[in-house]
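When a residue number appears, it is its place in the shown sequence, counting from 1. On a predicted model such as this, the values are computed, not experimentally measured, just so you know.
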Amino acid sequence: MEFMTMTPELLETEHICCALGAKAYEEAVSGKKSWLKDRMAEGLVFYRLNERAKVFIEYLPTEAAWVPVDAPNFMMINCLWVSGKYKGQGYGRHLLEHCIEDARNRGMDGIVHVLAGKKMPYLSERRFFLHHGFQIVDEAGPYYELAVLQWNDSAPQPVFRQEARSLAVNQPGIVVYYTPQCPFAFGVLQEWRDAAAERGIPFCAHLLKSREEAQRAPVPWTTFAFFYNGQYVSHEMMSRGKFERMLDGMPGGNQ
């Protein structure tokens with residue numbers, strides 16, 4: 001297995017796995033690369049298979065993470081993804097072991113990752129992390145879980161911040177919170193905006209532009225989250241068709 005650690009220089013010429021070959025996401029991928037460059041200066045690591053494939057892990061110190069979690073001196077996994085024909089070949093284990101070794105070498109107390117209590121799109125496979133020793137130490141909202149692999153038992157146990165537990169906003173219509181961390185978030189916004197406009201539903205998208213903003217967000221997973229009439233709905237970056245069907249099933253959604 002030949003893997004590579006991305007650097008700011010390599011980001012100019014190498015792919016970052018997300019949205020491979022999708023012309024519609026080129027601008028979003030460029031934005032993600034700019035975001036990665038800034039985060040690399042804060043300790044982020046993007047480590048991937050040296051192939052044109054979606055096989056990678058992205059992680060950084062939790063103090064620098066754009067996630068509302070209190071876990072000083074832990075490493076936060078943003079994303080671990082192994083797709084298609086590359087599944088079942090030990091790549092996921094290798095990616096995780098790379099992160100564990102790095103965290104230990106930096107003198108950290110463990111690793112944290114946000115999961116869901118059931119299999120859901122865009123969130124990691126829960127059983128994979130539990131199989132590799134992670135434990136669920138906190139929960140928030142309808143399905144979010146905080147998974148932790150901790151080797152220093154004297155360190156404080158990680159938790160979701162209180163702000164992340166509200167899962168509510170004081171705005172009508174569709175409200176989206178998102179970061180530049182995932183190109184797919186940018187990819188659906190215009191289609192959602194158009195679908196909402198056709199139904200006369202207010203639509204507002206909040207791009208979280210700093211770590212501080214993200215750590216104060218009213219949801220545990222800040223990559224993408226949307227609300228309807230003040231209440232949390234989902235993290236899923238769904239197609240326009242699925243989004244429209246969801247709206248049609250909500251009170252006032254087909255107006």
Residue pair [X] / [Y], side-chain donor-acceptor N/O under 3.5 Å:
X      : Y      : result
Gln181 : Glu58  : yes
Asp138 : Tyr144 : no
His113 : Ser124 : yes

Report yes if the side chains of [X] and [Y] come closer than 4.5 Å at any heavy-atom pair, otherwise no.
X      : Y      : result
Lys32  : Cys182 : no
Pro220 : Leu167 : yes
Met40  : Met6   : yes
Met120 : Tyr143 : yes

Please report the interatomic distance [atom1]([X]) to [atom2]([Y]), rounded to the nearest 0.5 Å.
X      : Y      : atom1 : atom2 : value
Arg39  : Leu44  : CZ    : CG    : 8.0 Å
Leu130 : Leu115 : CG    : CG    : 7.0 Å
Tyr47  : His94  : OH    : NE2   : 3.0 Å
Ile100 : Leu95  : CD1   : CG    : 11.0 Å

May I have the step-by-step check of salt bridge (Lys or Arg N to Asp or Glu O under 4.0 Å) for Glu198 and Arg240, ending in yes or no?
CA-CA 12 Å; Glu198 290 174 5; Arg240 175 169 177 166; 2.8 Å; yes

Check the pair Phe134, Phe128 against ring-ring contact (aromatic ring centres under 6.0 Å, His included), reporting the backbone distance first and the verdict last.
CA-CA 9 Å; Phe134 282 73; Phe128 170 83; 8.4 Å; no

For the aromatic rings, using the six-membered ring if either is Trp, is the centroid distance between Trp221 and Trp66 under 6.0 Å?
no

Note: Phe74 and Pro156 closest approach over all heavy atoms is CE1-O, 3.9 Å

Exercise: identify the closest heavy-atom pair between Glu213 and Ser210
N-OG, 3.1 Å

Any link between Val159 and Met108 through a network of hydrophobic side chains (Ile, Leu, Val, Met, Phe, Trp, Tyr) touching at under 4.5 Å?
no

Check whether Trp151 forms a cation-pi arrangement with Arg104 (NZ or CZ under 6.0 Å from the six-membered ring centre, at most 45° off the ring normal).
yes

Give the intermediate values and the outcome of side chain to side chain contact (heavy atoms under 4.5 Å, CB included) for residues Leu10 and Met4.
CA-CA 10 Å; Leu10 284 174; Met4 60 192 302; 3.9 Å; yes

Pair Leu49-Tyr91, side chain to side chain contact (heavy atoms under 4.5 Å, CB included): steps then yes or no:
CA-CA 8 Å; Leu49 185 67; Tyr91 291 121; 3.9 Å; yes

Given Arg127 and Lys119, is the side chain to side chain contact (heavy atoms under 4.5 Å, CB included) satisfied, shown in steps?
CA-CA 9 Å; Arg127 64 180 181 178; Lys119 189 172 183 178; over 6 Å; no

Parallel, tilted or perpendicular: which fits the ring planes of Phe56 and Phe46, with parallel below 30° and perpendicular above 60°?
parallel

Anything under 30° is parallel, anything over 60° is perpendicular, the rest tilted; go ahead and classify Tyr122 against His235.
perpendicular

Any chance you could lay out the ring-ring contact (aromatic ring centres under 6.0 Å, His included) test for Tyr177 and Phe224, step after step, and finish with the verdict?
CA-CA 6 Å; Tyr177 281 79; Phe224 192 88; over 10 Å; no

Among Val175, Val169, Ile201, find the one that has a side-chain contact (heavy atoms from CB on, under 4.5 Å) with Tyr228.
Ile201

The side-chain contact (heavy atoms from CB on, under 4.5 Å) partner of Glu145 among Val114, Ile136, Leu123, Val137 is Ile136

